[in-house]
Amino acid sequence: MLPRSYFARDAAELARALIGATLLVDGVGGVIVETEAYEREDPASHSFGGKTNRNAAMFGPAGHAYAYRSYGIHWCLNAVCGRDQTGSAVLIRALEPRAGLMTMRARRGLEDVRKLCAGPGRLCEALAISQVHDGLPLDEPPFSFQDRSTDVVVIAGPRIGITRATETLWRFGLAESPFLSRPFPRLG
DNA sequence: GGTATGATTGACT
DNA sequence: GTCAATCATACCA
């Protein structure tokens, strides 16, 4: 189980480190295969404009959750990071489903394992993440993070769905994973 | 008070 | 490839 102090580092560094780690919520989840980094001095970040009611958790201590509603429909889960509560977080974008497959299938109304957690909104539906998780510590139930046990090949690319700072390569993924929300652009 | 926008997804041409 | 769903937030008057 990763302690909350593990999250007290730069967003891009944590986003890369979390690839291959295991995330469970109430025992349901899998291996993190895709993340994105967001920081205060980042025009694409929710924290860019300063602290508001919605992003308050981003400005709280590292190692806590920041959950927000996207497009009025979906939920997205972030791990708050950074060393001095400056508004950094890592968006968890995709999981390789490992635990609670039937529960996730039921919640998603879907059979295809590849699409069960392939996207921030999809994995939140599969893990039943919502408003109630906003601000909760990540090293206590219902959350559980476990470090990866083997080396992995991590690839980077531009973040998805943003209109600003699109040149920053702060999306990270597990190479060759079939569980990514979208493929990474080929290098070169 | 009104209106435009979005760290998305699923359905459809 | 395009587009609507749906609503909290942000921004302007």
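The figures here come from the full heavy-atom set of this structure, side chains too, leaving out hydrogens, waters and symmetry mates. Just so we're on the same page: letters track the sequence lines, and every chain starts at 1.
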Whole angstrom is fine here: how far is it from [atom1] in [X] over to [atom2] in [N]?
{"X": "A/Arg122", "N": "B/dG10", "atom1": "CZ", "atom2": "P", "result": "4 Å"}
{"X": "A/Trp75", "N": "C/dA5", "atom1": "CH2", "atom2": "P", "result": "21 Å"}
{"X": "A/Leu116", "N": "B/dT8", "atom1": "CG", "atom2": "P", "result": "19 Å"}
{"X": "A/Asn55", "N": "C/dT9", "atom1": "CG", "atom2": "P", "result": "10 Å"}
{"X": "A/Asn53", "N": "C/dA10", "atom1": "CG", "atom2": "P", "result": "8 Å"}
{"X": "A/Tyr66", "N": "B/dA7", "atom1": "OH", "atom2": "C1'", "result": "9 Å"}
{"X": "A/Glu34", "N": "B/dT9", "atom1": "CD", "atom2": "C1'", "result": "14 Å"}
{"X": "A/Tyr38", "N": "B/dA7", "atom1": "OH", "atom2": "P", "result": "7 Å"}

side-chain contact (heavy atoms from CB on, under 4.5 Å) evaluation trace for A/Leu2 with A/Leu138: CA-CA 8 Å; A/Leu2 294 175; A/Leu138 297 175; over 6 Å; no
Heavy-atom closest pair, residues A/Asp42 and A/Ala165: OD1-CB, 3.8 Å
Whether A/Tyr71 stacks on the six-membered ring of C/dA5 base, 5.5 Å and 30° limits: no
Matching residue for A/Phe172 among A/Leu14, A/Val154, A/Ile32, A/Val90 - test: side-chain contact (heavy atoms from CB on, under 4.5 Å): A/Val154
A/Leu95 and its side-chain contact (heavy atoms from CB on, under 4.5 Å) partner, picked from A/Leu116, A/Leu127, A/Val28: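 By the side-chain contact (heavy atoms from CB on, under 4.5 Å) criterion, A/Leu95 pairs with just one of A/Leu116, A/Leu127, A/Val28: A/Leu127.
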C/dG1 and B/dA7, which share atom name C1', separated by this distance in whole Å: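 That atom pair is separated by 23 Å.
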Below the 4.0 Å mark, does [N] have OP1 or OP2 next to a side-chain nitrogen or oxygen of [X]?
{"X": "A/Ser45", "N": "B/dA7", "answer": "no"}
{"X": "A/Arg171", "N": "B/dA7", "answer": "no"}
{"X": "A/His46", "N": "B/dA7", "answer": "yes"}
{"X": "A/Arg54", "N": "C/dA10", "answer": "no"}
{"X": "A/Thr163", "N": "B/dT5", "answer": "no"}

Touch class at under 4.0 angstrom, heavy-atom based, for A/Arg182 against every strand present: nothing
Sugar-phosphate only, base, or nothing, as touched by A/Ile73 at under 4.0 Å among non-hydrogen atoms: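 Contact class for A/Ile73: base.
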Which residues share a side chain to side chain contact (heavy atoms under 4.5 Å, CB included) with A/Arg98, sequence neighbours left out: A/Val31, A/Glu96
Partners passing side chain to side chain contact (heavy atoms under 4.5 Å, CB included) against A/Gln131 (at least two apart in sequence or in another chain): A/Trp75, A/Asp134
Any donor-acceptor N/O pair, A/Arg122 side chain to A/Ala118 backbone, under 3.5 Å: yes
Side chains of A/Arg40 and A/Phe59 in contact at under 4.5 Å (non-hydrogen atoms):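 The answer is yes; the side chains approach within 4.5 Å.
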For DNA chain C, stems built from three or more consecutive Watson-Crick or G-U wobble pairs below 3.5 Å: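 So far as stems of 3 or more pairs are concerned, DNA chain C shows B:1-6 with C:7-12, B:8-12 with C:1-5.
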Residue whose closest nucleotide on DNA chain B lies nearer the 5' end, A/Glu125 versus A/Ile162: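 The answer here is A/Ile162.
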